[in-house]
Every structure is written in C-alpha cells, then in structure tokens.
Protein chains: 2
Amino acid sequence: MIRTNTDLLDYIALLQRHSVNSIGVEAFKAKQLILEQDRRYNTVYVIKKGIAKCYITDENGKEFIQEFLGAGMEFGELEVFSEKMTICSVSSVSELETYTFSHRIFNELLEKDPKFNKMVMKALADKIRYKAPRHSYQHSYPIEDNILRLKRTFPEFTDVLPKKDIANYIGITTRSLNRALKDLKESGK
Amino acid sequence: MIRTNTDLLDYIALLQRHSVNSIGVEAFKAKQLILEQDRRYNTVYVIKKGIAKCYITDENGKEFIQEFLGAGMEFGELEVFSEKMTICSVSSVSELETYTFSHRIFNELLEKDPKFNKMVMKALADKIRYKAPRHSYQHSYPIEDNILRLKRTFPEFTDVLPKKDIANYIGITTRSLNRALKDLKESGK
DNA sequence: GCATAAAAAGGACATTTGTCCCAACCCATA
DNA sequence: TATGGGTTGGGACAAATGTCCTTTTTATGC
C-alpha cells in the first residue's frame with residue numbers, strides 16, 4: 001500500500017555523496033502541497049524519508065489517491081519524458097525529506113549512467129505493474145474484501161493514515177468505509 | 001481509448017529494415033490469446049497493425065481490461081525489467097501483426113541505442129500518465145458520463161468492439177452498459 | 001438455407017454504495 | 001475553561017449497479 005524502492009534510494013544516496021551540488025535535498029512539513037495537478041514543473045523528487053500521497057482531484061473536489069509513496073519512490077519524473085503538465089498532485093502525509101533533480105540533471109544521469117537508467121526504467125515498469133491489479137481488484141470485489149486486503153499488506157493502516165485518505169485510496173466515500181469497518185468488526189474481523 | 005504510438009512504430013520499422021534477423025514479425029488471427037496472465041515469457045511485442053486488448057482475469061472469470069492497444073503499442077515489455085510473471089493477458093481483438101523482440105535483443109537495443117531507450121522510457125511514462133486519470137474518472141462519475149467520454153475520444157467504439165469488452169473496459173456489467181446506452185438514446189444522446 | 005450458437009437487449013428484483021444529515025469527540029488556542 | 005474546526009461514527013433514505021433470467025437479433029458452420 002505504501003510503496004518503496006530501496007535499491008533506487010541506496011543508489012541515489014551513493015550518487016549524491018559524489019556530486020553534492022547537482023543533486024539537491026529538500027524537506028517538507030506534513031500536509032504540504034508539493035506538486036499541483038495541471039501545472040508545469042522542472043524537478044524530479046525521490047523520497048528519502050516519510051510518506052507522500054499522489055492524487056487526482058476532480059471538478060467536484062473529490063480526491064482519488066493513486067499511490068502512497070514511501071522511501072525511494074519518485075514523483076515528477078513522468079514530465080521529464082513528455083513536456084506536459086503533471087496529472088497528479090503530490091502532498092506530504094508525514095514529514096518528508098527528498099532528493100531533488102532538475103530535469104537537466106536527471107536527463108544527464110539517464111544518458112550517462114546506465115545503472116541509473118535501468119533503475120528508473122524498472123521503477124516506471126513497477127508503477128505500471130502495481131496499478132493494474134489494484135484497480136482491477138477494486139472494481140471486482142466488495143469494499144470489505146478490499147479492506148481486508150489492505151490489512152494484510154499494511155496492518156496498521158488505520159493508525160497512520162486518516163480515514164479520508166484511505167477511502168480516497170480505495171475510491172469510496174468515508175461513509176462506506178466506516179460501514180464496512182463496522183461490519184467487519186461485528187463479524188469478528 | 002485505443003492507444004497508439006506512431007513514433008515508436010516508425011522507428012522500429014526503420015530499425016527492422018537494417019537488422020532483419022534480430023527483430024521478428026508475427027501475425028495473429030482475431031481473438032487469439034497471445035500472453036497469458038501469471039506465466040513467464042521472453043518476448044516483447046510491438047503492434048504493427050490491428051487491435052489487441054490487455055486484461056486481467058480474476059478468480060471468478062471476470063475480465064478487467066487495462067488498455068486497448070493499437071499500432072505502435074508494446075506489450076510484454078514490463079517483464080524485461082523485472083524477471084516476473086506477466087500480470088496481464090493479451091489477446092488480439094482484430095487480426096494482428098506485431099514486431100517481436102527477444103529480451104536479449106530488447107536489452108541490447110536499450111543499452112546501445114539512446115533514441116530507442118528514450119522512446120521506450122517515454123512509452124512507459126505515457127502508460128502511467130494515461131491510466132491515472134482514467135481510473136479516477138471511472139470511480140468518480142456515473143456510467144453515462146463515462147460512456148459519453150468514450151464517445152468523444154472514439155465515436156465508433158460500439159461498432160469496432162464487442163459490448164462485453166466495452167463493459168469490461170469501463171469496469172461494469174453488460175447489463176449496466178446496455179441500460180446506460182438505452183437511457184442516453186432516449187434522452188437524445 | 002437452415003440449424004445452432006453467440007451476442008445483444010432488457011424486465012424484475014436484490015444489493016451495494018452514495019447522499020445528506022447529525023451527534024460525539026478530540027485538541028489547539030484565545 | 002470555553003469555542004470552533006476537524007475528524008470520526010452512524011441513521012435513514014435514495015440512487016446506482018449487479019444478479020438472474022428471458023427474449024430477440026446477429027453471426028457462423030454444415
């Protein structure tokens with residue numbers, strides 16, 4: 001549920017030690033908006049520590065959470081390859097520390113560092129692999145099953161994340177989430 | 001709705017003319033199963049002509065269609081980067097012609113041809129960009145809105161694709177699709 | 001051209017989920 | 001300590017969607 005990529009994180013930590021000025025570091029307090037949907041940016045972030053959420057907001061203000069991002073996850077990288085707007089907003093959920101790359105530096109690394117190139121490629125592939133079954137599952141199964149599934153992969157999810165976010169992640173309303181949680185409790189989890 | 005990537009297709013056509021033996025060509029009749037979920041493969045396909053569907057089947061046999069793939073779209077490429085099973089089955093919808101790459105050749109190209117590398121990278125990024133708003137939209141809006149949206153991007157969708165596939169793409173039952181189509185017709189589209 | 005199977009359309013009903021509320025609670029701070 | 005915003009939990013009802021089934025239409029093989 002909260003995705004991570006330690007291989008990438010370790011490698012970037014290594015890179016940064018050798019080229020201090022090209023790779024930056026940034027810190028955010030909890031609940032800060034870092035990227036806003038439909039805007040143009042010039043930075044790629046890789047999470048060093050903390051949790052962020054990546055979400056789409058529709059015209060009615062409803063959020064739909066794409067992913068929760070943990071250590072080693074990138075965001076803002078899609079816009080390196082096509083000069084378009086971001087599709088997702090990204091906010092910090094907890095306090096957050098990130099590495100930052102300008103598009104220019106990121107591209108330079110992709111071109112000159114085959115290992116980096118491969119890792120980024122794999123990270124993209126993993127994002128696709130991860131999303132497919134998730135959305136499929138959410139459509140095909142009742143809410144209760146989806147909650148049980150979350151519990152399996154991330155037992156303490158109700159403690160770390162606000163109910164609103166969990167509901168937006170599953171793509172349901174808070175009301176439905178509460179109802180399902182109650183029913184699960186009554187039927188002995 | 002049916003995705004394409006002419007840049008990639010053109011480039012591969014070019015590549016193939018110069019190295020006939022490493023890039024293969026394959027043809028499929030309509031409704032053939034090309035990749036089966038949860039199996040291991042060693043080939044990357046790029047569609048030359050025709051339409052394929054990429055879908056996940058759950059334990060109850062329900063299909064959830066991830067994407068319809070048209071000219072220039074790849075499939076089987078995710079497994080080059082992580083040696084895992086396919087998550088999606090892929091079947092031809094119409095007659096299909098594809099270019100084929102062994103993992104070895106695909107990797108060689110990625111390493112030695114920066115242009116190819118960049119195109120594949122961009123193709124991956126586009127798949128992610130495309131999926132996010134689609135699933136978000138499907139969750140947030142009633143079926144009728146989703147159908148109208150399809151009609152806008154692909155007006156003849158009801159002629160080319162079977163109802164079953166359209167329903168599985170939106171993530172609803174055929175019954176619901178028919179109901180919505182009927183209501184739309186009655187209210188003057 | 002006929003027989004059979006598959007796809008499409010839709011009626012009737014059950015279930016799920018959302019909408020709109022309101023009440024309880026936590027907790028920051030004036 | 002009182003006040004107000006935000007989060008949580010849930011009641012009552014409405015709307016959307018699914019399930020099950022039957023009928024009609026269209027495609028396909030012999």
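Residue numbers start from 1 in every chain, and the chains themselves are labelled A, B, ... in the order their sequence lines are given, proteins ahead of strands.
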For C:dA9, does either OP1 or OP2 sit under 4.0 Å from a side-chain N or O belonging to B:Lys164? no
Could you check whether the rings of A:Phe106 and A:Phe116 sit parallel, tilted or perpendicular, using 30° and 60° as the cut-offs? perpendicular
Within this structure, what is the CZ-to-P distance between B:Phe157 and C:dA8, rounded to whole angstrom? 12 Å
Could you tell me how far apart B:Leu161 (CG) and C:dA7 (P) are, to the nearest whole angstrom? 14 Å
For a quick test of reading the model: is some side-chain N or O of B:Lys163 closer than 4.0 Å to OP1 or OP2 of C:dG10? no
Would you say the side-chain atoms of A:Tyr41 pair up with the backbone N or O of A:Glu36, donor to acceptor, closer than 3.5 Å? yes
Compare all side-chain heavy atoms of A:Gln16 with those of A:Lys48 and state whether any distance is below 4.5 angstrom. no
Would you mind reading off the distance between B:Ile166 atom CD1 and C:dA7 atom C1', rounded to a whole angstrom? 12 Å
Tell me: CD1 of A:Ile147 to C1' of C:dT17, nearest whole Å? 12 Å
What bend angle does the helix from C:dG1-D:dC30 to C:dA30-D:dT1 show across its length, from five-pair end axes and to the nearest 10 degrees? 40°
Could you give the CG-to-P distance, from A:Asp183 to D:dG11, as a whole number of Å? 11 Å
Test B:Phe75 against every option in B:Thr43, B:Val46, B:Ile34 by the side chain to side chain contact (heavy atoms under 4.5 Å, CB included) rule and name the one that passes. B:Ile34
N/O donor to acceptor pairs below 3.5 angstrom from side-chain atoms of residues 154-169 of chain A, sequence neighbours left out:
from     : atom 1 : to       : atom 2 : distance (Å)
A:Asp165 : OD1    : A:Lys53  : NZ     : 2.9
A:Asn168 : ND2    : A:Lys164 : O      : 3.3
A:Tyr169 : OH     : A:Tyr130 : OH     : 2.6

Here the side-chain hydrogen bond (donor to acceptor under 3.5 Å, both in side chains) pairs for residues 82-93 of chain A, sequence neighbours left out, are A:Tyr55-A:Ser91
Going by heavy atoms in the side chains, are B:Lys127 and B:Met73 under 4.5 Å from each other? yes
Identify the two heavy atoms, one from A:Arg129 and one from B:Met85, that lie closest to each other, and give their separation to 0.1 Å. NH1-O, 3.0 Å
Rounded to whole Å, CD1 of A:Ile170 lies from C1' of C:dG18 at a distance of 15 Å
Could you pull out the protein-nucleic contacts involving nucleotides 17-24 of chain D (nitrogen or oxygen on both sides, under 3.5 Å)?
from   : atom 1 : to       : atom 2 : distance (Å)
D:dG18 : OP2    : B:Thr173 : N      : 3.4
D:dG18 : OP2    : B:Thr173 : OG1    : 3.1
D:dG18 : OP2    : B:Ser176 : OG     : 2.1
D:dG18 : N7     : B:Arg179 : NH2    : 2.8
D:dG18 : O6     : B:Arg179 : NH1    : 3.1

N-O pairing of B:Asp126 and B:Lys122 below 4.0 Å: yes
Nucleotide N/O of nucleotides 27-30 of chain D paired with protein N/O under 3.5 Å:
none

Can you name the side chain to side chain contact (heavy atoms under 4.5 Å, CB included) partners of B:Asn42, sequence neighbours left out? B:His103
In whole angstrom, give the distance that lies between atom CD of B:Gln138 and atom C1' of C:dT17. 17 Å
Where the side chain of B:Asn146 meets the backbone of B:Tyr141, is there a donor-acceptor pair that is under 3.5 Å apart? yes
Can you tell me how far C1' of D:dG9 sits from CG of A:Leu184, to the nearest Å? 15 Å
